[in-house]
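Data block below; observations after.
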Protein chains: 2
Amino acid sequence: MATDCRNCPFKTKATSMLSDCTLEQLSANHLELKLKKGDSIIKQGTYSTNVIFLRTGLAKIHLKGPYSEQIVKMVKAPTYLGLPTTFGSKINQYSVTAVSDAEVCYIDIDVFENILYGNQDFTREIIQEFCKNELESFRRCANRTQKLIRGNMADALLEFSDNIFKSDTFNLPLSQAELANLVDTSRESVSRVLTEFDKDGVIKVNGKEITIVNKKSLIMISQNG
Amino acid sequence: MATDCRNCPFKTKATSMLSDCTLEQLSANHLELKLKKGDSIIKQGTYSTNVIFLRTGLAKIHLKGPYSEQIVKMVKAPTYLGLPTTFGSKINQYSVTAVSDAEVCYIDIDVFENILYGNQDFTREIIQEFCKNELESFRRCANRTQKLIRGNMADALLEFSDNIFKSDTFNLPLSQAELANLVDTSRESVSRVLTEFDKDGVIKVNGKEITIVNKKSLIMISQNG
DNA sequence: AATATTTTGTGATATGCATCACATTGCATA
DNA sequence: TATGCAATGTGATGCATATCACAAAATATT
């Protein structure tokens with residue numbers, strides 16, 4: 001299953017700077033997998049010594065909260081997954097599930113660490129990624145806890161549109177129940193808010209297809225609640 | 001102001017493994033400062049190219065939310081602060097403020113990066129720290145958004161007792177207004193919950209001094225809300 | 001195509017908590 | 001010791017939203 005990493009079209013900035021020799025080492029020590037929407041990539045509570053490279057696709061990071069499953073954030077390729085597990089207890093503390101078809105590479109932690117420490121650019125990229133995530137998590141924390149539902153829903157829609165699909169029209173990759181777990185509300189409220197937004201001419205809802213009609217309004221809603 | 005890092009009694013695991021030569025470099029390139037409770041360590045919106053080592057003391061990490069200041073988490077020495085700033089935009093995206101007297105060292109990012117990349121153990125420690133923080137932030141996210149106020153207050157008290165002061169009796173390092181910003185509630189609710197807990201015999205409140213009388217109850221409250 | 005199962009829409013009701021309002025206490029500074 | 005300002009205690013009220021209870025629609029399964 002190991003393909004040649006030298007020809008991988010999904011390299012990140014840093015990996016594209018790795019030497020052919022290093023990439024050969026990577027090629028020989030990874031497992032490539034094609035996943036379908038809904039497939040589990042990382043499962044909370046299980047043992048793992050692999051770092052996972054999400055080559056293509058979209059996934060949700062989620063974990064058991066005191067009352068229900070909590071979606072912490074959405075991630076899109078290309079990105080590494082599971083570092084906290086492999087650098088920590090080796091027991092996954094959270095789950096990652098594909099919400100679209102996806103391709104992943106399983107890389108053994110030893111190989112990954114080898115490459116990491118032997119390569120300053122790579123180290124730097126990983127650390128910068130961690131830094132970005134930390135800031136993001138701080139901001140999310142402040143936003144999600146302070147904003148009302150309409151504000152959080154607006155944020156979620158804007159993120160899908162701006163960061164993930166980069167289009168005003170997109171298909172919701174999550175059910176309303178999942179959206180509720182992402183936005184910290186009830187399934188019913190998600191439904192109500194979506195129809196509200198539609199009635200107000202802010203978005204157009206057509207099954208799972210969302211079109212952002214009035215982005216300015218959506219941003220306003222995001223800001224005041 | 002630069003003292004000799006070789007004799008610093010506050011080294012972390014990794015820094016204690018640095019060579020004398022490296023530590024000498026560090027000694028020559030850092031600024032040591034003594035801070036009082038309430039002093040600002042990092043100020044959101046300002047420019048910075050320093051990593052900060054919190055040698056002693058307790059601090060809060062906080063940032064402007066859409067409606068009010070949000071305390072994201074409490075940190076205690078020894079720990080590094082400000083990495084996301086120095087590895088990122090160089091503009092602080094959050095504030096850090098001492099909530100006790102504290103000692104800090106300002107280390108220039110170039111020196112820090114030099115030591116970081118030149119030292120596998122150090123890199124590993126920093127990455128592990130990031131991983132720990134990421135997991136913590138996921139858990140906090142799930143807890144804070146799902147639990148009711150009593151549960152979150154219980155969590156905060158348990159954290160002070162178990163992780164920060166390591167004692168059943170401690171002085172609250174935060175005002176009730178700050179606690180509200182940490183626990184995502186109103187100042188009034190903090191007051192009410194504290195008196196509730198006291199009346200129920202779970203804790204004893206004496207001004208700013210808290211004694212955890214019945215830890216089992218507190219854990220129960222943390223778990224069911 | 002027919003049936004089962006999941007997902008979604010929407011009203012009615014209950015409730016946790018924010019907000020307002022003000023009294024009280026503690027702490028600092030003159 | 002007096003005076004002022006900040007921190008805290010506590011009731012009354014209102015509101016956002018969770019929950020319950022179904023109906024309707026969409027999707028999957030046989």
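In what follows, every chain begins at residue 1, and chains take the letters A, B, ... in the order their sequences are listed.
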Ion pair present between K204(A) and E209(A), side-chain N to carboxylate O less than 4.0 angstrom? no
Round to the nearest Å and state the distance from R144(B) atom CZ to dG16(C) atom P. 22 Å
Heavy-atom nearest nucleotide on DNA chain D taken for S175(B) and for R192(B); more 5' hit belongs to S175(B)
Between dC17(C) (C1') and Y67(B) (OH): distance, integer Å: 16 Å
Mind calculating the distance between CZ (R150(B)) and P (dT15(C)) to the nearest angstrom? 16 Å
Please classify the nucleic acid contact of S191(B) as base, sugar-phosphate, or nothing, using heavy-atom distances under 4.0 Å. base
Under a plain distance cut-off of 3.5 Å, with no hydrogens placed, do Q70(A) and N143(B) share a side-chain donor-acceptor pair? no
For S186(A), which contact category applies under a 4.0 Å heavy-atom criterion: base, sugar-phosphate, or nothing? base
Any side-chain donor-acceptor pair under 3.5 Å between D155(A) and S222(A)? yes
Walk me through whether S48(B) and N92(B) qualify under side-chain hydrogen bond (donor to acceptor under 3.5 Å, both in side chains). CA-CA 7 Å; S48(B) 168; N92(B) 290 306; 4.6 Å; no
Among the candidates dT8(D), dG16(C), dT10(C), find the nucleotide nearest to the side-chain atoms of K208(B). dT8(D)
Could you check how far CD1 of I210(A) sits from P of dT8(C), rounded to whole Å? 11 Å
Looking only at side-chain N and O atoms, does Q176(A) come under 4.0 Å of OP1 or OP2 in dG9(C)? yes
To the nearest Å, how far apart are M153(B) CE and dG16(C) C1'? 16 Å
The ring-ring contact (aromatic ring centres under 6.0 Å, His included) partner of F53(A) among Y106(A), Y80(A), F112(A) is Y80(A)
Specify the separation, in whole Å, of atom CG of L148(B) and atom P of dT19(D). 9 Å
Quickly work out the Q146(B) CD to dT19(D) P distance and round it to whole Å. 10 Å
Taking atom types as they are modelled, is there a donor-acceptor pair under 3.5 Å from the base of dC17(C) to the side chain of E188(B)? no
Quickly work out the L179(B) CG to dA7(D) C1' distance and round it to whole Å. 12 Å
